[in-house]
Enquirer: 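The structure under discussion is supplied below as C-alpha cells; questions concerning it will follow.
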Amino acid sequence: MSRYNPQEIEKKWQKIWEKEQAFAAAEPGKDLPKDLKTPKKYIAEMFPYPSGAGLHVGHVRNFTIVDVLARFYRQQEMNVLRPFGYDTFGLPAENYAIKTGISPQEATETNINNFKKQLKRLGYAIDWSREINTSDPEYYRWTQWCFLQLYKKGLAYRRESYQWWCPVDQTVLANEQVENGHCWRCGSEVEKKKMKQWFFKITDYADELLNDIDALDWPDKIKTMQKNWIGRSEGAEIEFEVEGNKNKIKVFTTRPDTIFGATFLVLAPEHPVISKLVTDKTKEKVDQYREETLKKSEIERQENKEKTGVFTGSYAINPGTGEKIPIWISDYVLMGYGEGAIMAVPAHDERDFEFAEKFDLPVKQVIEKPEGVKDDEKCYSGEGELINSGHFNGTSTSDAREMVVAWLERQKIGKKKVTYKMRDWLISRQRYWGCPIPIAYDEDGNEYPIPEDQLPVTIPEVKDYKPDNTGRSALAKAKDWLSLEMEVKDPKTGEKVKKKLTRETDTLDGYACSSWYLWRYVSPSDKKAAWDKKAISYWAPTDVYVGADHAVAHLLYIRFWCKFFADQGLLPFREPVKTLLYNGYINAPDGKKMSKSKGNVIDPLDIIDQGYGADTLRTYEMFIGPYDLDAAWDPKSVGGVYRFLNRCWTLCFDKELSKKDETISIRHKTIKKVTEDLHRNSFNTAVAALMEYVNELYKLGTTKEDLIALAKLLKPFGPHLASEMLEKLKADDVWPTWDEKYLKSDTVEVIVQVNGKLRAKLSVDVNDLEDQKKIEKLALEEKNVQNFTKNGVKKVIFVKKAKLINIVAA
RNA sequence: GGCCGAGUGGCGGAAUUGGUAUACGCGUUCGACUUAAAAUCGAAUGACGAAAGUCAUACGGGUUCAAGUCCCGUCUCGGCUACCA
C-alpha cells in the first residue's frame with residue numbers, strides 16, 4: 001500500500017521540469033511557423049521586489065492565479081508565455097547597504113537566488129530562460145534608452161519646482177508616493193522643497209489615457225481610480241481686469257454660467273501676481289499669510305478646514321456686471337491646479353460660501369432653483385434658471401455654460417478650457433540604488449544626453465551609500481565616475497567640441513524601470529534593441545496581467561509609455577494590458593493584516609515543509625474564496641484541501657477500477673464546469689467542482705477515463721500530483737472536452753411550485769418537457785399541490801429552461 | 001463630505017441570464033475500523049417543530065406568477081478620495 005507523499009513526488013517533477021525546460025515559450029523566427037498563426041497567451045504577474053524575507057502567502061496567491069491560467073491554456077495546446085522577473089531597485093536594498101555595508105548588488109543577488117529557489121518549490125510553469133532583473137546593466141541600459149527616446153521628443157525635461165521631499169529618506173517623491181502627507185516608504189511627514197528635477201510629460205497623454213479606459217477589460221475599481229487621478233474637468237478660462245492696474249488675472253471655472261454671481265476673486269498664496277496687487281496698507285499682512293502657508297505642512301493645510309485668507313487691497317472688474325469685486329488670497333485655492341485663481345460665487349459654491357460667510361463678503365444669487373428641489377438653506381450648486389444675469393436671465397444653467405463662454409470669447413476675455421488634476425511625472429530620485437539618468441552637464445549647466453551607443457551608464461561602486469544633505473545621491477561620491485569628457489555640440493556655436501562634463505547624480509524612479517518590462521520579456525537577451533519587433537508583435541499586448549497593488553501609478557505609467565512608443569512606431573498597439581486581474585490580499589486567521597511586528601505571518605514554505613506540499617498550498621489558495629476578494633488564512637481548511645488531494649491519490653493508486661461506467665455523465669458535467677469556471681476566473685468553484693467529482697467517484701466507482709479526466713482538470717492547481725497520476729495512467733495532459741449529449745438524461749426533474757413555493761418534484765421523460773399540458777396535469781395531480789390549490793387555479797406558468805412549473809392558486 | 005464595493009448557517013463561501021437558497025470546504029454530532037487514539041471510511045447538520053409545515057439571504061417598503069438577484073429608502077462594514085474651482 002502506497003501513500004500520498006507530496007515531498008517525494010514534488011521533488012521528482014520539479015527536477016524533470018527543470019531538466020526539460022518544460023515551460024519555455026516557442027519563439028517567433030525560431031520555433032514557430034512563419035505565419036505565426038499558433039494561438040498565443042501572454043500571462044504575467046506584476047513582478048515582485050525580491051525582499052530578504054522571501055515569498056509570502058500573498059505572492060503565492062498572485063503567482064498561482066497566473067500559473068493556473070498559464071497551465072490551463074498550455075494544456076489547450078496554446079503557445080503560452082509565462083515569464084518572471086524582479087523589480088530590484090529601491091530603498092530597502094539601499095537602506096540595508098547603509099546599515100550593513102553590504103552592497104545592494106550583492107544583497108539583491110542573494111535575495112533573487114532565495115526567491116528563485118522558493119518559486120521552484122511551488123512548481124510554477126515559468127519560462128526560466130526569460131528571467132529579468134531591473135538592476136542588471138543589460139536591462140537598465142534599455143531603461144536609459146527609453147529615457148532618451150522620451151528626451152528626444154521633449155517628453156523628459158527638467159524644471160525647478162516645489163517638490164515633495166522626504167527628510168528621512170532624503171529624496172524627492174512623486175505625487176503618487178505621498179500618502180496623506182507621509183512618505184509611502186518610511187511614513188515620515190514630507191516637506192516641500194524647491195529643486196531642479198526631471199519630469200516625464202505624461203500630461204501630453206492625459207486625454208488619450210482617459211478616453212481609452214472605458215474599453216479596457218479591467219476592474220471598474222481601477223478604472224475609476226485612474227479616471228479620478230487624471231481628473232479631467234471642462235470649463236472656461238476667464239480673464240479679469242484689475243482696477244487701476246495693467247495686470248490681468250486668469251481664473252479657471254467649471255461654472256461660467258454663474259459669472260454674474262462672482263462677488264470676489266481668490267488667489268493661491270503662491271500666485272506670482274500677488275506682489276503687484278498689494279498696497280502699503282495690506283503688504284505686511286499678505287506677506288505674513290504667504291509665509292505661514294508655505295511653512296505649513298500639507299497635513300496642517302488639510303486638517304484645518306476652517307477657511308483663512310487676507311484681502312490684497314486690489315479690486316477686479318466682473319466682466320458680467322461691471323462691478324468692482326475684491327481680490328483675496330487663501331490657501332483653499334491651490335497653485336498647482338487650473339490657474340491658481342478662482343472667481344468666487346458664494347451663492348452657488350459651498351467653499352466660496354464658507355469663505356464669504358467668514359469674511360463677510362457679498363453673496364449674490366444668480367440661479368433660481370427649479371420647483372420641488374429641497375430647500376438647502378446654505379447655497380445651491382445644482383442646475384436651474386439664471387436670474388440677476390443681464391441678458392442671460394431665463395436661460396437654463398446648462399445652456400448658459402455654453403452661451404456665456406461664447407459671449408466671453410467674442411470679447412476676447414475668455415475661452416473654453418479643459419483642466420486635469422494629473423501633473424507631470426516627477427522621476428528624479430536622489431538615491432544611489434536606481435537607474436542612472438543618462439545625462440551630463442557642462443560648467444554652465446547645459447544638459448547633454450549620453451549617446452545611445454555609450455549606454456549603459458553603469459552604477460559605480462562606492463563605499464558609503466548615504467546620500468548627503470545637499471540633496472545629492474551617493475553617486476556624487478564616485479569621483480572617477482562623476483566626470484567625463486565627451487564630444488558634444490556647443491549650444492552657442494553649434495560646433496562639435498570636446499567638453500568636460502559632470503554626470504547627473506539623480507537616478508530614475510523605480511516605476512520607470514517597470515514601465516516597459518512587459519515588452520522586455522519577449523526578447524530578454526536582445527543586445528540590439530529593447531524589444532524585438534517581430535517578437536513583440538506576436539506576443540504583446542499582455543493578455544492577462546495579475547496583481548494586487550499599484551492601481552494608479554504603475555498601471556498608468558505602462559499605459560503612458562505604451563502610447564508614447566506606439567507613436568514612435570515602436571509598438572504596434574496602444575494599450576499594454578488586455579485583461580487585468582486584481583487579486584485580494586490574504587490576511588491572518590483573525591482577519592488582520594499579516595505583519596512581522598504582529599508575528600502573525602504565515603510562511604508558505606513552512607506549509608509545504610509541514611508535509612502538505614506545494615500542490616495543497618496552491619490548491620488551497622485558489623479555493624480560499626473569489627480571487628478578487630480579501631480572504632483570511634484558515635489552517636483547518638488547508639487540511640481539508642490536503643484530504644481532497646489525498647483522495648485523488650487514493651482513487652488513482654490505491655483503489656480498484658470500476659467495471660461499469662456509471663460516471664460518464666458526471667465526468668462530462670465536471671469537465672464542462674471546470675473549463676467554464678476557469679474561463680471566468682472562478683478558481684474557487686472550479687476546485688469545489690473537482691471535490692464534488694471525487695466524492696461521486698468514491699460513491700459510484702471510478703473508471704480509467706475518470707482518473708484521466710480528473711488528473712487533467714487538476715493539473716493547473718496541483719501539477720505535481722496530476723503529473724504523477726497521468727504518468728501512471730500513461731496519458732497526456734491535453735485538456736479534456738465534454739459532449740453535451742452525455743449531460744442529458746432520459747428523465748428530468750421538474751420543480752412544481754404553488755405561488756412561487758416549492759411543493760413537489762416531478763420525474764418526467766425528457767420529451768415531455770415539450771408537452772406543457774401533460775406536465776400541468778401531472779403537477780395538478782400531486783397530492784401536495786392539491787392541498788394548496790383547494791380554491792382553484794388562477795394561472796399556470798411553465799418555464800421550460802428552468803424545468804419549473806408555477807401554479808398560481810386562487 | 002463624495003464615489004465605489006459588500007452584508008447569505010457556528011465559520012470561509014456557492015447560487016453565471018429573476019426560476020429548487022445554503023454547492024464545496026471547515027467545524028460539530030453519530031456510526032464503522034481499532035485494545036485505544038490518530039488517520040481513513042460512512043451518515044447527519046439553517047432555525048422552530050413529533051410531523052405536516054412555518055420562518056430565514058442586514059433592516060423597511062415596492063415591482064413580479066416567482067426576488068439573495070431588479071427598484072426606492074435606512075443601517076452596518078470595507079476600499080478609494082478628499083477644499084481640484
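Numbers restart at 1 for each chain; the letters A, B, ... are given by sequence-line order, proteins then strands.
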Enquirer: Please compare A:N695 and A:F788 by the position of their nearest nucleotide in RNA chain B and report the one closer to 5'.
Expert: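 The 5'-side residue here is A:N695.
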Enquirer: Test salt bridge (charged side-chain N to carboxylate O under 4.0 Å, His left out) on A:E662 and A:R667; report intermediate values, then the result.
Expert: CA-CA 10 Å; A:E662 291 180 73; A:R667 178 164 71 243; over 6 Å; no
Enquirer: Pick the closest RNA chain B nucleotide for A:G639 and for A:R680 by heavy atoms, then say which residue is nearer the 5' end.
Expert: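 Taking each residue's closest nucleotide, the earlier one in sequence belongs to A:R680.
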Enquirer: Just the rounded figure in Å: distance from P of B:G79 to CG of A:L629.
Expert: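 Between P of B:G79 and CG of A:L629: 14 Å.
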Enquirer: Ring centroid separation for A:Y620 and A:W633, is it under 6.0 angstrom?
Expert: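 Yes - the distance between ring centres of A:Y620 and A:W633 falls below the 6.0 Å cut-off.
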Enquirer: Let's see if you can work this out: which of B:U16, B:A66, B:A85 has an atom nearest to the side-chain heavy atoms of A:N806?
Expert: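 It is B:A66.
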Enquirer: Between B:G19 and B:G25, how far apart are the C1' atoms? Round to whole Å, please.
Expert: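 Going atom to atom, C1' in each nucleotide, I get 27 Å.
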Enquirer: Looking for any heavy atom pair under 4.0 Å, which part of the strands does A:Q753 touch: base, sugar-phosphate only, or nothing?
Expert: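 If one applies the 4.0 Å heavy-atom cut-off, A:Q753 turns out to touch a base.
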Enquirer: Is A:K307 side chain donor-acceptor paired with the B:C83 base, going by distance under 3.5 Å alone?
Expert: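 Yes, a donor-acceptor pair under 3.5 Å.
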Enquirer: Counting only side-chain N and O atoms of A:K592, is one of them less than 4.0 Å from OP1 or OP2 of B:G78?
Expert: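 A:K592 to B:G78 OP1/OP2: no side-chain N or O under 4.0 Å.
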Enquirer: Could you give the distance separating B:A85 and B:G79 at their C1' atoms, to the nearest angstrom?
Expert: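 About 27 Å, rounded to a whole number of Å.
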Enquirer: Among the candidates B:C80, B:A85, B:C26, find the nucleotide nearest to the side-chain atoms of A:F252.
Expert: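 Closest of the options to the side chain of A:F252: B:A85.
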Enquirer: Can you tell me how far apart CG (A:L209) and CE (A:M422) are? Round to the nearest 0.5 Å.
Expert: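 Separation between the atoms: 5.5 Å.
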Enquirer: Rounding to an integer number of angstrom, what distance separates B:A51 and B:C65 when you compare their P atoms?
Expert: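 That atom pair is separated by 35 Å.
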Enquirer: Quick one: classify the glycosidic conformation of B:G27 as syn or anti, with syn meaning within 90° of 0.
Expert: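 With its glycosidic angle more than 90° from zero, B:G27 counts as anti.
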Enquirer: Just to be sure I understand the rule, does A:K801 reach a base, reach only the sugar-phosphate, or reach nothing, if contact means heavy atoms closer than 4.0 Å?
Expert: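 It contacts base atoms.
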Enquirer: Roughly, in whole Å, what's the span from CE in A:M691 to C1' in B:C26?
Expert: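 In whole Å, B:C26 C1' and A:M691 CE are 10 Å from each other.
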Enquirer: Atom CG in A:L713, atom CD1 in A:I671: separation rounded to 0.5 Å?
Expert: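 These two atoms lie 6.0 Å from each other.
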Enquirer: Reckon A:K761 touches a base, only the sugar-phosphate, or nothing at all at heavy-atom distances under 4.0 Å?
Expert: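 Since a base atom lies under 4.0 Å of A:K761, the category is base.
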Enquirer: When you get a sec, tell me which of B:A85, B:A15, B:G42 is the closest nucleotide to the side chain of A:R647?
Expert: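 The closest nucleotide is B:G42.
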Enquirer: Between B:G60 and B:G9, how far apart are the two P atoms, rounded to whole Å?
Expert: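 Going atom to atom, P in each nucleotide, I get 15 Å.
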Enquirer: Dump the intermediate steps for salt bridge (charged side-chain N to carboxylate O under 4.0 Å, His left out) on A:D654 and A:R3, then the final yes or no.
Expert: CA-CA 8 Å; A:D654 206 25; A:R3 270 189 54 128; over 6 Å; no
Enquirer: Kindly point out which of B:A14, B:C26, B:U16 is positioned nearest to the side chain of A:T685?
Expert: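 Nearest to the side-chain atoms of A:T685, counting from C-beta on, is B:A14.
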Enquirer: Counting any heavy atom closer than 4.0 Å, what does A:S233 reach on the DNA or RNA strands: base, sugar-phosphate only, or nothing?
Expert: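 Sugar-phosphate, no base atom in range.
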Enquirer: Flag the pair A:P272 / A:M335 as yes when at least one side-chain heavy-atom distance between them is below 4.5 Å, and no otherwise.
Expert: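 In short, these two side chains touch, coming nearer than 4.5 Å.
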Enquirer: What's the closest nucleotide to the side chain of A:R759 if the choices are B:A14, B:C65, B:G53?
Expert: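 Minimum distance to the A:R759 side chain belongs to B:G53.
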Enquirer: Touch check for A:V808, heavy atoms < 4.0 angstrom, all strands: base, sugar-phosphate only, or nothing?
Expert: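 The answer is sugar-phosphate, as A:V808 gets under 4.0 Å only of primed atoms, P, OP1 or OP2.
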Enquirer: Under a 3.5 Å cut-off for both distances, is B:C48 Watson-Crick or wobble paired, and to whom?
Expert: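 B:C48 is paired, partner B:G53.
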Enquirer: Can you see if the side chain of A:Y698 gets near the phosphate of B:C41 - specifically, an N or O under 4.0 Å from OP1 or OP2?
Expert: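 Checking A:Y698 against B:C41: at least one side-chain N or O falls below 4.0 Å of OP1 or OP2.
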Enquirer: Which part of the nucleic acid, if any, lies within reach of A:E354 when heavy atoms closer than 4.0 Å are counted: base, sugar-phosphate only, or nothing?
Expert: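 Touches nothing.
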Enquirer: Which nucleotide, in any strand shown, forms a Watson-Crick or G-U wobble pair with B:A36, with both distances under 3.5 Å?
Expert: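 Across all strands, not a single nucleotide pairs with B:A36.
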Enquirer: Can you tell me whether the side chain of A:K673 and the base of B:U16 have a donor-acceptor pair closer than 3.5 Å?
Expert: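 By the distance-only test, yes, there is a pair.
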Enquirer: Who is the Watson-Crick or G-U wobble partner of B:G18, with both distances under 3.5 Å?
Expert: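 Pairing partner: none.
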Enquirer: Across the strands shown, which category fits A:N587 at heavy-atom distances under 4.0 angstrom: base, sugar-phosphate, nothing?
Expert: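 Answer is nothing: A:N587 stays at 4.0 Å or more from every strand.
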Enquirer: Just do the salt bridge (charged side-chain N to carboxylate O under 4.0 Å, His left out) check on A:K417 and A:E237 with the steps written out, would you?
Expert: CA-CA 6 Å; A:K417 172 104 192 233; A:E237 180 187 293; 3.2 Å; yes
Enquirer: Determine the contact category for A:L690: base if any of its heavy atoms lies under 4.0 Å from a base atom, sugar-phosphate if only primed atoms, P, OP1 or OP2 are that close, otherwise nothing.
Expert: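 The residue A:L690 makes no contact with any strand.
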Enquirer: Could you tell me the Watson-Crick or G-U partner of B:C83, where both distances fall under 3.5 Å? Say none if there is no partner.
Expert: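 B:C83 is unpaired by these criteria.
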Enquirer: Let's go through A:K223 and A:D214 carefully: what are the C-alpha distance in whole Å and the side-chain angles of both, what is the deciding distance for salt bridge (charged side-chain N to carboxylate O under 4.0 Å, His left out) to 0.1 Å, and is it a yes or a no?
Expert: CA-CA 7 Å; A:K223 295 210 266 190; A:D214 282 329; 5.4 Å; no
Enquirer: With respect to the phosphate group of B:A14, does any side-chain polar atom (N or O) of A:N684 fall under 4.0 Å of OP1 or OP2?
Expert: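 For A:N684, the contact criterion (side-chain N or O under 4.0 Å from OP1 or OP2 of B:A14) is met.
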Enquirer: When the distance from NZ of A:K227 to P of B:U81 is rounded to whole Å, what number comes out?
Expert: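 Checked: the NZ to P distance equals 17 Å.
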Enquirer: Suppose you measure atom P in B:A39 against the same atom in B:U28; what distance do you get, rounded to whole Å?
Expert: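 Each nucleotide's P atom is 11 Å from the other's.
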Enquirer: Roughly how many Å is it from CH2 in A:W218 to C1' in B:C80, rounded to a whole number?
Expert: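 Taking CH2 of A:W218 and C1' of B:C80, I get 17 Å after rounding.
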Enquirer: Let me know the distance between NZ of A:K223 and C1' of B:G79, rounded to the nearest Å.
Expert: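 In whole Å, B:G79 C1' lies 18 Å from A:K223 NZ.
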Enquirer: For A:F311 together with A:F264, are the ring centres under 6.0 Å from each other?
Expert: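 Ring-ring flag for A:F264/A:F311: false, centres at least 6.0 Å apart.
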Enquirer: Using whole Å, what does the distance between atom P of nucleotide B:G1 and atom CG of A:D349 come to?
Expert: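 About 18 Å, once rounded to whole Å.
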Enquirer: Any strand counts, and the cut-off is 3.5 Å on both contacts for Watson-Crick or G-U wobble. Which nucleotide pairs with B:C30?
Expert: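 B:G42 - that is the nucleotide pairing with B:C30, both distances being under 3.5 Å.
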Enquirer: Counting the atoms with a prime plus P, OP1 and OP2 as sugar-phosphate, which does A:G338 contact under 4.0 Å by heavy atoms, base, sugar-phosphate, or nothing?
Expert: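 Nothing, no heavy atom under 4.0 Å.
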Enquirer: Does a side-chain N or O from A:R643 land closer than 4.0 Å to OP1 or OP2 of B:C26, or not?
Expert: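 For B:C26, OP1 or OP2 has a side-chain N or O of A:R643 closer than 4.0 Å.
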Enquirer: With a 4.0 Å cut-off on heavy atoms, is A:K417 in touch with a base, just the backbone sugar-phosphate, or nothing at all?
Expert: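 No contact.
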Enquirer: Expressed as a whole number of Å, how far does the P atom of B:G31 sit from that of B:C70?
Expert: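 Comparing P positions in B:G31 and B:C70 gives a spacing of 46 Å.
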Enquirer: Please name the nucleotide paired to B:C11 by Watson-Crick or G-U wobble geometry with both distances under 3.5 Å, or report none.
Expert: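 Per the H-bond distance test, B:G25.
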Enquirer: When the P atoms of B:G12 and B:A52 are compared, how many Å lie between them, rounded to an integer?
Expert: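 Going atom to atom, P in each nucleotide, I get 31 Å.
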Enquirer: Side chain of A:K636: nearest nucleotide among B:U20, B:C26, B:G19?
Expert: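 That would be B:C26.
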Enquirer: When the C1' atoms of B:C33 and B:C41 are compared, how many Å lie between them, rounded to an integer?
Expert: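 About 8 Å, rounded to a whole number of Å.
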Enquirer: Taking only side-chain nitrogens and oxygens of A:K221, does any of them come within less than 4.0 Å of OP1 or OP2 of B:C4?
Expert: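 Negative; the distance criterion is not met.
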Enquirer: When the distance from CH2 of A:W229 to P of B:C4 is rounded to whole Å, what number comes out?
Expert: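 To the nearest whole Å, that distance equals 20 Å.
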Enquirer: Are the side chains of A:T258 and A:M343 in touch, meaning some heavy atoms are under 4.5 Å apart?
Expert: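 The answer is yes, as the side chains (C-beta and beyond) meet within the 4.5 Å cut-off.
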Enquirer: Should B:U74 form a Watson-Crick or G-U wobble pair with both distances under 3.5 Å, which nucleotide is its partner?
Expert: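 In the structure as shown, B:U74 has B:A58 as its Watson-Crick or wobble partner.
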Enquirer: For the pair made of CG in A:L758 and P in B:C65, what is the distance, rounded to whole Å?
Expert: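 About 20 Å, once rounded to whole Å.
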